Every structure is written in C-alpha cells, then in structure tokens.
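Taking it in order: structure first as structure tokens, then the write-up.
Both backbone and side-chain heavy atoms feed into the values below; hydrogens, waters and symmetry mates do not. Quick caveat: nothing in here was measured; it's all calculated off a predicted structure.
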Amino acid sequence: MTAPGNATAPRDESKEVHFDSTAHLMNRITSQLASQLSLVSFTGRRRPEPPALVVVAHGSRDPRALSTVRSLLDKVRVQRPGLPVHLGHIELNEPLLTDTLKSLGHREAILVPLLLSRGYHVKRDIPEMAAETDVRARVAPALGPHPLLVDALHARLLEAGWEESPRVGSAVVLAAAGSRDPESKVDMARMATLLSTRLGVPVVPAYATTAAPTVPAAVAALTARGYDRVAIASYFTAPGRFATECAEAAPWIASAPLGTHPAMADLLLHRYDQMVGLRGAGNCAIGQTRPALAV
C-alpha cells in the first residue's frame, strides 16, 4: 500500500491481467450470443453485413493513450469476431474520424464515443464530422454513467491499494477532464453516486479543467471535513496529461485510468448493440440519442 502523501503513478494496464466479475462474464456471454445470432435470420438465411463499429476517441499527445485505445479495440474484436471495428479520433491522433468514415464509403456505421459523459464532442463535434462523409452514421450515447464503469473504477482502485472494507476517514475524489456542458456535470454526479454506493464512502466529482471543483479543491474540502485517507479515482479512458495531473494531486493513492479493463470492451459493445436494436427508429439519426440509453 502506498504511504500517505505519495500518489500511486498510473500503470501501463495493457500488460495487466484482470479477473472478470459475474457482470463482465454475463455481458461477454450476451455479446457473443448476439454476435452469432445476428448472422442468421429466423428463415435460416445469412443476414446482411452488420453496421461497422467505429469507436471515436478524443485523441492525445501522450503516446500511451493511442496504444491503450488500440489495445482496447483488440479486446473488442476478440469478443465480437466478424464485426468490423474501426478507430477514429476527434483530434490530435490519426486516423481522424472523418478519414476513417470516408474509407467506409456509403456503408452503415454506428459511432460509439470513447467518452465518459455527455458534452459538446458527443452532441456536436462527432455528428458534424460524420455529416462531412457519405457514411450512413448513427451516434451512440456516451459511455457513462453506467454500472460497468463502476466495476472498472472499483477494480482500478483495488489495484492502487484501496481496501474492500475501508476504514473510517476514507473518501474518494472522482477525477475527470471537465466540460462546459451542464449535462456533463449531471452525468458525473450520477457516476459519483453509483461509485459511492459500491464503495460505501463519500465520492466527490472533480475536474482537471473547465469545470469546478478542481481536484485539489475537492481533496482540500474532504480533508477539512476530517477525511484523512482520500483516494483519487481516475475517470479517464486512457493515460494523458489530465490523468497524470489529477494523480499527482492525490494525498494518498490514485488509480490508473480505465484503459483496457474488460468492462470497457463490454460497454462499447453494449452501446453498439443498443443502437443496432434501435435501427430504423426515427429519433436515432445523427446527433440524436434517447435519454433512456444512459444506462
């Protein structure tokens, strides 16, 4: 366990092994069954090729981010053999989303944001980039809030030294990038509540930039309330500058980003399957999602 005052550096999770929870196994079994059943119709004829899955990452100057995202997509491909899985970035990394979509021609594609809450990237940037191409695209909701993310956050905290039965004085700061979109803060508050219920301790959402409170301010507020074991739960999809800065603010331990945890691959496929199930629904065109899909 890391001594107080020393934050645990984020790990390169691409080389780590994780044990699946019952929820992960059930999601994986469901995913594999859906993959096989989708290929054959009730008449026994082979169905048309499924829509392509395009995972949309933000992009980062940190080379670990691209490596992590690629490893995560490899896990998705293993879980869903035969499903065309592509990667596109909003900025900073190649391939850019527009280039990925242009390579698909007029094909149907479901764009699943590798983003953890609602915001302008999901609502505006991704739909606008898709509209520049000929792809018949539909945009899935952001990944969070969702119980599978709680599984991943909990596992990462345990790796960092969190105890299954935390003692009195323990608390968590849920650290995210931040957004000016008010719905992003609503999603963060929901995730904090879900994680608090799982851990049995207070969980306070905080941000690296743009929104308030900042991570150091949240840590200070919890310390002032008497919490002397404050952990940072890194609510980031991959390593990067913001994740590193948030980890450095930890007075006790800091978890690694969610990365390639099995729940992440499960959730990407879950969002894809939701959109496949809504194929043809009038309000699922580019830029439109149903609030019910938040879980």
Close side-chain approach of Met264 and Leu143, heavy atoms under 4.5 Å: yes
Atom pair CD/CE of Glu183 and Met188 - distance to nearest 0.5 Å: 15.0 Å
Donor-acceptor pair, side chain of Arg156 and main chain of Pro257, under 3.5 angstrom: yes
Any residue meeting salt bridge (Lys or Arg N to Asp or Glu O under 4.0 Å) with Glu132, in chain and number order, not counting sequence neighbours: none
Leu269 and Val112: CA distance, side-chain angles, deciding distance, side-chain contact (heavy atoms from CB on, under 4.5 Å) verdict: CA-CA 9 Å; Leu269 286 169; Val112 180; over 6 Å; no
Derivation and outcome, side-chain contact (heavy atoms from CB on, under 4.5 Å), residues Gln79 and Asp266: CA-CA 8 Å; Gln79 285 189 222; Asp266 291 343; 3.1 Å; yes
Verdict with supporting geometry, Met191 and Leu174, side-chain contact (heavy atoms from CB on, under 4.5 Å): CA-CA 8 Å; Met191 275 305 304; Leu174 182 62; 3.9 Å; yes
Backbone of His154 reached by a side-chain donor or acceptor of Arg198 within 3.5 Å: no
Residue pair Leu268 / Val55, side-chain heavy-atom distance below 4.5 Å: yes
Those residues that, when tested against Arg107, pass side-chain contact (heavy atoms from CB on, under 4.5 Å) (two or more places apart): Glu49, Ala52, Pro84, Leu104
Glu108 CD to Met275 CE distance, which is reported to the nearest 0.5 Å: 10.0 Å
Arg70 atom CZ, neighbour heavy-atom count above 12 within 6.0 Å: no
Partner residues of Arg180 under the salt bridge (Lys or Arg N to Asp or Glu O under 4.0 Å) criterion, sequence neighbours left out: none
Co-membership, hydrophobic cluster, residues Ile110 and Val85, 4.5 Å side-chain: yes
Criterion salt bridge (charged side-chain N to carboxylate O under 4.0 Å, His left out) on Asp187 and Arg190, from CA distance to verdict: CA-CA 5 Å; Asp187 291 345; Arg190 176 59 178 157; over 6 Å; no
Residue from Leu72, Leu66, Thr100 passing side chain to side chain contact (heavy atoms under 4.5 Å, CB included) with Leu87: Leu66
Side-chain donor or acceptor of Ser234 paired with backbone N/O of Ala243 under 3.5 Å: no
Those residues that, when tested against Asp62, pass salt bridge (Lys or Arg N to Asp or Glu O under 4.0 Å) (two or more places apart): Arg64
Same apolar cluster (I L V M F W Y, side chains within < 4.5 Å links), Val56/Tyr120: no
Rounded distance (nearest 0.5 Å) linking atom OH of Tyr235 with atom CG of Leu116: 4.5 Å
Side-chain donor or acceptor of Thr244 paired with backbone N/O of Gly240 under 3.5 Å: yes
Minimum heavy-atom distance Ser170-Pro202, with the two atoms named: O-CD, 3.7 Å
Pairwise distance CD(Gln274) to CG(Leu267) - rounded to 0.5 angstrom: 8.5 Å
Shortest non-hydrogen contact between Pro145 and Leu194, atoms and distance: CB-CD1, 4.4 Å
Residues that, via side-chain heavy atoms closer than 4.5 angstrom, fall in one hydrophobic cluster with Val168: none
Least distance between heavy atoms, Thr237 atom then Leu114 atom: CG2-O, 3.6 Å
Leu101 with Leu96, same ILVMFWY side-chain cluster at under 4.5 Å: no
Glu245 bridged to Arg241 by N-O distance under 4.0 Å: yes
Under 3.5 Å: donor-acceptor pair, side chain of Tyr272, backbone of Pro51: yes
All pairs passing side-chain hydrogen bond (donor to acceptor under 3.5 Å, both in side chains) where residues 86-99 contributes a residue, at least two apart: His58-Glu91
Gly178 versus Thr210, closest heavy-atom pair with distance: C-CB, 4.3 Å
Salt bridge flag under 4.0 Å for residues Asp273 and Arg80: yes
Ala220: partners by side-chain contact (heavy atoms from CB on, under 4.5 Å), with sequence neighbours left out: none
Check against side-chain contact (heavy atoms from CB on, under 4.5 Å), Lys123 and Asp181: CA-CA 10 Å; Lys123 296 178 181 178; Asp181 190 321; 2.8 Å; yes
Closest contact, heavy atoms only, Arg271 versus Ala142: NE-O, 3.0 Å
Within one Ile-Leu-Val-Met-Phe-Trp-Tyr cluster: Val186 and Leu153, side-chain cutoff 4.5 Å: no
Side chain to side chain contact (heavy atoms under 4.5 Å, CB included) partner of Leu97, the single match among Ile90, Leu111, Thr133: Leu111
side-chain contact (heavy atoms from CB on, under 4.5 Å) against Ala231, all qualifying residues, sequence neighbours excluded: Leu157, Trp162, Val172, Trp252, Ile253
Partners meeting side-chain contact (heavy atoms from CB on, under 4.5 Å) with Pro113 (sequence neighbours left out): Leu115, Val122, Ile126, Val139, Ala140
Shared-cluster residues of Val219, by chain and number - hydrophobic side chains joined below 4.5 Å: Val173, Val204, Val215, Leu222, Tyr227, Val230, Ile232
Closest non-hydrogen atom pair, Pro239 against Ser60: O-OG, 4.3 Å
Under 4.5 Å side-chain linkage, directly or through intermediates, the cluster mates of Phe236: Phe242
For Ser184, side-chain hydrogen bond (donor to acceptor under 3.5 Å, both in side chains) partners two or more places apart: Ser117
